Amino acid sequence: AQSVTQPDIHITVSEGASLELRCNYSYGATPYLFWYVQSPGQGLQLLLKYFSGDTLVQGIKGFEAEFKRSQSSFNLRKPSVHWSDAAEYFCAVNGGATNKLIFGTGTLLAVQP
Amino acid sequence: DAGVIQSPRHEVTEMGQEVTLRCKPISGHDYLFWYRQTMMRGLELLIYFNNNVPIDDSGMPEDRFSAKMPNASFSTLKIQPSEPRDSAVYFCASSTGRTYNSPLHFGNGTRLTVT
């Protein structure tokens with residue numbers, strides 16, 4: 001069965017610092033991978049997605065993620081964090097056979113001034 | 001586009017009462033999903049529809065939960081009778097195609113509290 005693990009429940013970074021949020025997936029073939037962001041009181045918004053091709057994908061708000069098959073990872077990065085990036089971030093996977101998008105438990109990002 | 005619209009934003013009810021959550025998907029989206037978010041279980045897919053037809057309801061926790069989509073612009077999720085363990089944020093999302101080739105657009109959710 002497909003699954004997603006986000007090992008970091010909570011991360012705090014200083015504004016302007018770089019950010020990397022970890023995501024590991026479990027699936028037998030190449031999965032479809034997504035990162036979503038949820039601001040307080042809001043629904044989830046898609047940041048970026050990977051289906052195939054270039055393993056480094058660019059998303060909105062200056063985020064990028066790299067698919068590494070050998071490590072079963074799809075980590076999210078941003079070179080310089082802004083205070084407005086404080087939110088909860090969810091990694092998600094779909095094996096393609098169904099419409100069941102499986103979400104990780106989320107990483108809550110706090111940004112210090 | 002107004003996005004996915006959910007109502008109400010907040011619902012507080014007593015145990016045993018019927019609760020109805022509502023969702024208007026984005027026009028032209030033919031997939032609609034209901035998710036539940038809790039601290040303990042995270043985001044769980046409850047049910048999804050394609051062209052108003054329920055495709056997979058295996059995530060619906062029990063018979064107290066039911067969902068309908070009478071037309072392309074409206075869906076309801078009903079809990080009868082409600083229980084305190086149903087307290088959660090319920091999200092509706094829509095998309096233009098199968099999840100793996102089109103993103104989900106989420107509403108702002110309904111926060112349900114059952115006392």
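Every value quoted in this text rests on a predicted model; they were computed, and no experiment measured them. Letters A, B, ... mirror the listed sequences (proteins, then strands); counts begin at 1.
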Exercise answer: donor-acceptor pairs, residues 51-63 of chain A side-chain atoms, under 3.5 Å, sequence neighbours excluded:
from, atom 1, to, atom 2, distance (Å)
A:D54, OD1, A:L56, N, 3.1
A:Q58, NE2, A:E64, OE1, 3.1
A:K61, NZ, A:Q45, OE1, 3.3

More than 12 heavy atoms from other groups under 6.0 Å of CD on B:E14: no
Side chain, backbone, both or neither of B:E44 within contact of chain A (heavy atoms, under 4.5 Å): neither
Per-residue contact mode, B:R41 against chain A (heavy atom under 4.5 angstrom): neither
Donor-acceptor contact present, side-chain B:W34 to main-chain B:M60, <3.5 Å: no
Proximity of residues 107-115 of chain B to chain A, residues having a non-hydrogen atom under 4.5 angstrom: B:G107, B:N108
B:Y90 vs B:L46 side-chain heavy atoms within contact, under 4.5 Å: yes
Best-contacting candidate, A:L44, A:L33, A:I102, A:L46, against chain B by heavy atom pairs under 4.5 angstrom: A:L44
Aromatic ring pairing A:Y50/A:F67, orientation class (parallel under 30°, perpendicular over 60°, tilted between): parallel
Check residues 103-113 of chain A and write down every donor-acceptor pair under 3.5 Å in which the side-chain atom is one partner and the other belongs to a residue at least two apart or another chain.
from, atom 1, to, atom 2, distance (Å)
A:T107, OG1, A:Q6, NE2, 3.4
A:T107, OG1, A:D8, O, 2.5

ILVMFWY cluster membership beyond B:M40 - transitive side-chain contacts under 4.5 angstrom: none
